[in-house]
Amino acid sequence: MLSIADALESILASIPTLGAERVSLDDALGRALAAPVFARHDAPPFDASAMDGWAVRTVDLAGASDAAPSTLEANGESRAGGEWPAPITPRTAMRIFTGAPVPEGADAVVMQEDVDAQGSLVRFRRAPPRGAHIRSRGEDLAVGAEILALGARVGAGEIALLASQGVTSVDVLRAPRVAVLVNGDELRDPGEPARAGTIFDSNGPTIAAAVREAGGVAIRIPRAPDELEALTTRVREGLLADALVVCGGVSVGDHDLVHLALAAAGVEARFWKVAMKPGKPLTFGLAGTTPVFGLPGNPVSAWVTFELFVRPALRRMMGDPRPFRRVIEVELGHAHRRSTGRIELARARLEWRDGRAIASIGGKQGSGSTQSIANVDALLILPAEIGTFEPGARVPAMLLREGSDASPFA
Ligand code: AMP
Ligand code: MG
């Protein structure tokens, strides 16, 4: 049986990157750039004052000191967004405000706190250095400079940079459209007449949510029965998407028909099973370049295998250079016993104490218990050969949720 590492490697090696699409700056949030972006304008676009004060010519203030202040005549004003200022006249100081253009001929700004202004006379007690409190044109960015690289993830900071350049749309990698197909005669949706022996379909909504959480677009394919022809038809429908996730029917029961349906629809299987708990039956294949995942039907297995295999694949398709969940070392808050033989992903809650993460594994770890996947912060990675964990044991934990209840400044 394949290890998790080998299965993941096999999946990621065959994941295509999607093409580009142009989206508005608003819609670019969270996406990866499909092309580098270059500066279209110098930033700042003109020499601008960094202070409220006075624009001056340093030659007019050479030698100014407490003992021998220099006095200039106030002449004119430059304010942010105001009329473009006239060139500065020798032996005068121009009133200027933060963000306003520095008048031609001026080469320093003196903070207003450092001068005595009385009537039309302004007295300076220091000789400012050239360039003081001036943000010069192009000092942040020059036209043509690469401001964001190919593959950059767009967050609020990147939007700031793009917006400051007047950019209104960017090319990003397309978000994958992911078909989600559940199957099983025992499933029903709310509102459907109840029949003895049926249960609500929880995987459909779960996997669709997980797809969206990963940044993809979920497309729900109508549920398929345990019947080969109908299932194959649904699989074919799903293959029109960028990726297909089939959930349920992948193990070896008489009514597990997914393998047959995938084969009938032209999916070339790569592997059937992965050595892990929960989730042993797990299929991956390709229809052309379209990745197809067959997840186990047990809700816990479905969700865990999605997290482990499908999520990084979708992130990779979207060009994310960091497609994996973060793993940190945590301390077990209690003793834990389990049967050895398979690597286990145990659902755990984390509590943060003095910067340490203390994990508790929920009591109900059965693979059918949707209770065990709600309110989970991390998947603890328990090695195959270890069955006994003492309180305080250190284990790696895949973080499913960022965020902490402790203020970093407390
Ligand atoms: P299967 O993988 O089809 O053999 O299903 C394994 C278990 O998961 C069975 O108990 C199914 O009833 C259950 N199951 C399968 N699909 C779903 C689903 N979409 N929602 C909830 N439970 C499911
Ligand atoms: Mg089934």
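Order of listing sets the numbers, starting from 1, for every ligand and every atom in it.
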Can you list, by chain and residue number, every protein residue with a non-hydrogen atom closer than 4.0 Å to ligand 1? Val182, Glu186, Leu187, Ile199, Phe200, Asp201, Ser202, Asn203, Gly248, Gly249, Ser251, Asp256, Gly297, Asn298, Pro299

Can you name the ring-ring contact (aromatic ring centres under 6.0 Å, His included) partners of His259, sequence neighbours left out? Trp272

Those residues at least two apart in sequence (or on a different chain) that pass ring-ring contact (aromatic ring centres under 6.0 Å, His included) with Phe46 are Trp84

Pair Arg270 + Glu268, salt bridge at N-O below 4.0 Å: yes

Can you list, pair by pair, the side-chain donor-acceptor contacts under 3.5 Å of residues 380-401, counting residues two or more places apart and other chains?
| from | atom 1 | to | atom 2 | distance (Å) |
| --- | --- | --- | --- | --- |
| Arg394 | NH1 | Glu329 | OE1 | 2.8 |
| Arg394 | NH2 | Glu331 | OE2 | 3.4 |
| Arg401 | NE | Val376 | O | 3.3 |

Can a salt bridge be assigned to the pair Asp114 and Arg125 using a cut-off of 4.0 Å between side-chain N and carboxylate O? no

Would you call Arg326-Glu402 a salt bridge at under 4.0 Å N-O? yes

